[in-house]
Amino acid sequence: MKPSIPKGTRDFGPTEVLKRRYIIDTIRKVYEEYGYQPLETPAMENLNTLMGKYGDEGDKLLFRVLNQGQKVKKADLTALEEGNLAKFSNSLAERGLRYDLTIPFARYVVMNQHQLTFPFKRYQIQPVWRGDRPQKGRYREFFQCDADVVGSNSLLNEAELVQVFNKVYSQLDISVTVRLNNRKVLAGIADVIGCEEKMMDITIAIDKLDKIGLEGVQKELSNRGLGDDEIKEVSNFLAIEGDIPTKLSQLENLLATSETGMKGVAELKTLFHYISQVAIQVDVELDVTLARGLNYYTGTIFEVVANDVKMGSISGGGRYDDLTGTFGLPGVSGVGISFGLDRVYDVMEELGKFETISINTTQAMFINFGGETEAFAFKCLQELRKAGVPAEIYPDNAKMKKQMKYANTKQIPFVIFTGSEEMETGMLGIKNMETGEQEKVAVNELVNYLA
RNA sequence: GUGAUUGUAGCUCAGUUGGUUAGAGCACUGGAUUGUGGUUCCAGGGGUCGGGGGUUCGAAUCCCCUCAUUCACCCCA
């Protein structure tokens with residue numbers, strides 16, 4: 001048979017793993033610097049934990065884990081006959097692969113509420129699964145790097161998360177724009193035009209502004225059932241321009257009649273004030289058209305895009321006022337962000353940011369000359385490892401050329417010769433693979449030489 | 001779920017209006033060089049042309065089906 005892996009999944013070879021680890025380590029260190037603590041949850045959750053949390057689209061994209069053993073008898077064949085495929089497929093599975101890290105976190109918080117000290121700050125770097133059609137920057141298995149804080153309404157949390165974006169992307173040397181908005185502002189827009197129930201339709205439409213333009217948005221609003229006057233009012237919001245204080249005051253004017261909207265503006269004002277107090281190198285924008293994010297966001301919304309690469313958002317996040325409510329713990333507010341590891345990787349690859357990262361860890365390799373010298377080299381090797389120097393010996397007495405080629409391909413910086421002559425004199429030949437120079441070094445000097 | 005795209009050696013790709021034994025570069029193996037890689041030269045191995053069916057004297061090439069890929073829409077990291 002021809003070997004293959006499932007659609008939208010990937011193998012990661014040694015160099016890819018090292019590059020991915022570099023990104024993960026960068027994010028993890030910044031998270032820890034800001035007081036977030038690690039958490040890991042199972043790949044699988046009970047389906048009822050997951051269902052209904054991500055909208056209809058999300059439910060469709062959930063990977064279900066088929067029931068096994070006696071549980072297959074639970075299959076609802078009546079539903080199948082009636083053509084109710086959704087009901088039928090739900091009867092086949094009770095568990096599913098996690099779709100994001102936020103819902104499992106909420107579940108964890110509720111289950112452990114009495115053990116946790118609030119505000120609780122956690123980070124989580126694990127894979128998630130979605131049954132999308134793969135395309136650029138979109139995979140069926142991908143890593144998210146989340147940081148969330150629950151049990152605090154303070155906008156200082158939001159400000160710190162912007163700092164986290166700033167620090168991580170500065171360290172990774174990616175030029176990005178952090179876009180900010182507030183769900184309450186979006187609700188306010190629907191509010192002032194008297195279409196509260198159409199908030200989702202409006203946000204989905206205006207979110208496409210940069211993609212389909214003003215006329216496209218207006219057309220979409222019309223398709224979604226808005227009248228001409230209402231569309232005109234929405235257009236006023238799309239026309240907001242200028243620096244952040246200007247935008248905020250324009251928003252204030254337009255939203256004056258909406259309590260919710262004004263609250264959103266006030267929150268944005270506070271957040272931008274906090275941000276202005278600290279050093280931020282990346283671009284931070286207020287974008288009224290930013291609507292993206294999952295259904296449960298209620299306050300601040302974050303999105304990060306790379307400035308020099310055409311790719312969807314590489315990070316996102318937001319505040320959710322009642323995330324744990326569905327699990328029986330109402331009134332706990334949280335805010336969090338997520339880095340899309342795979343997209344960050346793709347961006348860095350496209351920008352050539354990995355060229356300076358070393359793909360090798362082995363510092364020295366012993367050539368294997370066979371016979372007694374093999375054991376001698378093996379013994380010398382132990383000295384290096386004991387001193388913490390990553391080293392290896394070529395395991396077979398292969399041709400010199402083959403061994404050298406192996407060291408060269410693996411980019412091992414030093415090759416050590418321990419033939420019969422070296423064994424007698426105790427002076428080992430050590431070759432610098434970069435310069436091609438070779439020297440004689442005593443066995444007990446090896447560690448110092450390589451240090 | 002919708003619409004396109006591309007499938008030829010391990011990888012990246014040529015392959016003319018359908019015409020002899022399907023090619024190149026890189027990679028790999030051996031040799032020039034029996035204790036010295038990365039440069040050079042020589043030689044070699046490696047192909048169900050994604051799969052199935054059809055048209056034809058003849059198909060990598062044209063038609064149909066199918067599978068896979070990539071991209072876009074929807075939605076999202």
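Here is how names work: the chains are called A, B, and so on, in the same order as the sequence lines, proteins then strands, and each is numbered from 1. Scope of the values below: all heavy atoms of this structure, side chains included, with no hydrogens, waters or symmetry mates.
With a 3.5 Å ceiling on both atom-pair distances, the Watson-Crick or G-U wobble partner of B:G25 is B:C11. When Watson-Crick and G-U wobble pairs are counted only if both distances are under 3.5 Å, B:G37 pairs with no nucleotide at all.
The residue among A:Ile5 and A:Lys211 whose nearest nucleotide of RNA chain B is located toward the 5' end is A:Ile5. If A:Glu57 and A:Met400 are placed on RNA chain B by their nearest nucleotide, the residue sitting closer to the 5' end is A:Met400.
The base of B:G35 is paired with the side chain of A:Glu422 by a donor and an acceptor separated by under 3.5 Å. You'll find a donor-acceptor pair under 3.5 Å spanning the side chain of A:Asn408 and the base of B:G37, going by distance alone. Counting distance only, with no hydrogens placed and no angle test, the side-chain atoms of A:Lys431 and the base atoms of B:U36 include a donor-acceptor pair under 3.5 Å. Under 3.5 Å, the side chain of A:Gln403 and the base of B:U36 form no donor-acceptor pair of N or O atoms. On a pure distance criterion of 3.5 Å, a polar donor-acceptor pair joins the side chain of A:Arg138 and the base of B:C75. In the interface, the side chain of A:Arg133 is not paired with the base of B:C75 through any donor and acceptor atom under 3.5 Å apart.
Aromatic ring centroids of A:Tyr394 and A:Tyr406 lie under 6.0 Å apart. When ring centroids are compared, A:Tyr345 and A:Phe143 stay outside the 6.0 Å threshold. In summary, the aromatic rings of A:Tyr31 and A:Tyr123 are positioned with their centroids under 6.0 Å apart.
Distance check on atom P: B:U70 versus B:C11 gives 14 Å, rounded to whole Å. For B:A24 and B:U8, the C1' atoms lie 13 Å apart once the distance is rounded to whole Å. The C1' atoms of B:A27 and B:U2 are separated by 41 Å, rounded to the nearest whole Å. Between B:U12 and B:U48, the distance separating the two C1' atoms is 22 Å to the nearest Å. Distance check on atom P: B:U55 versus B:C64 gives 15 Å, rounded to whole Å. Of the P atoms belonging to B:U61 and B:G52, the separation is 12 Å, rounded to the nearest Å. The separation of B:U36 from B:A32, taken at their C1' atoms, amounts to 16 Å, rounded to a whole angstrom. B:G50 and B:U40 are spaced 39 Å apart, taking the C1' atom of each and rounding to whole Å.
At B:U69, one or more side-chain N or O atoms of A:Lys7 fall inside 4.0 Å of OP1 or OP2 (strictly under the cut-off). Contact check, A:Lys401 against B:G31: no side-chain N or O comes under 4.0 Å of OP1 or OP2. The side chain of A:Lys402 places no N or O atom within less than 4.0 Å of a non-bridging phosphate oxygen (OP1 or OP2) of B:U36. Taking only side-chain nitrogens and oxygens, A:Gln135 never comes nearer than 4.0 Å to OP1 or OP2 of B:C71. For the pair A:Lys405 and B:U39, the criterion of a side-chain N or O lying under 4.0 Å from OP1 or OP2 is not met.
Residues A:Tyr169 and A:Ser315 have side chains that bring a donor and an acceptor to within less than 3.5 angstrom of each other. A:Glu392 and A:Thr362 are linked by a side-chain donor-acceptor pair at a separation below 3.5 angstrom, with hydrogens and angles left out of the test.
Residue-level contact check: A:Thr418 touches neither bases nor backbone, having no heavy atom under 4.0 Å from any strand. Heavy atoms of A:Gly137 sit under 4.0 angstrom from at least one base atom. Nucleic acid contact class of A:Gly312 (heavy atoms, under 4.0 Å, all strands): none. The residue A:Ile204 sits close only to the backbone: its heavy atoms come under 4.0 Å of sugar-phosphate atoms, none of a base. Contacts of A:Phe417 with the nucleic acid, taken as non-hydrogen atoms under 4.0 Å apart, include base atoms. Residue contacts shown for A:Gly55 are absent, as no nucleic acid heavy atom lies under 4.0 Å away. Among the heavy atoms of the strands, none lies under 4.0 Å from A:Ser338. Across all strands shown, A:Tyr139 has heavy atoms under 4.0 Å from base atoms, whether or not it also approaches the sugar-phosphate.
Atom OH of A:Tyr406 and atom P of B:U29 are 14 Å apart (whole Å). When the P atom of B:U70 is taken as reference, atom CZ of A:Arg140 falls 11 Å away, rounded to whole Å. If you measure from atom CG of A:Asp56 to atom C1' of B:G1, you get 14 Å, rounded to the nearest angstrom. For A:Glu303 and B:C76, the CD to C1' distance is 10 Å, given to the nearest whole Å. In this structure, CD1 of A:Ile174 is placed 13 Å from C1' of B:A77, rounded to the nearest angstrom. A straight line from CZ of A:Arg98 to P of B:C76 spans 20 Å, rounded to a whole angstrom. Taking atom CD1 on A:Ile430 and atom C1' on B:U36, their separation rounds to 14 Å, with Å as the unit. The distance between atom OH of A:Tyr54 and atom P of B:A77, rounded to the nearest whole Å, is 11 Å.
Each of A:Arg28, A:Lys29, A:Arg21 was evaluated against A:Asp25; a single residue qualifies, A:Arg28, per the salt bridge (charged side-chain N to carboxylate O under 4.0 Å, His left out) test.
Looking at the side chain of A:Lys208, the nearest of the listed nucleotides B:C74, B:A72, B:U36 is B:C74. The listed nucleotides are B:C75, B:G37, B:C71; the one nearest the side chain of A:Met404 is B:G37. Minimum atom distance to the side chain of A:Lys310 is reached by B:A72, of the listed B:G37, B:C75, B:A72.
Between A:Phe354 and A:Tyr22, the angle of the ring planes goes over 60°, which puts this pair in the perpendicular group of the 30/60° scheme.
Relative to the six-membered ring of A:Phe105, A:Arg122 meets both conditions, a distance below 6.0 Å and an angle of at most 45° to the axis.
Per the stacking criterion (ring centres < 5.5 Å, plane angle < 30°), A:Phe142 stacks onto the base of B:A77.
Taking NZ from A:Lys7 and CZ from A:Arg133, the interatomic distance works out to 6.5 Å, rounded to the nearest 0.5 Å.
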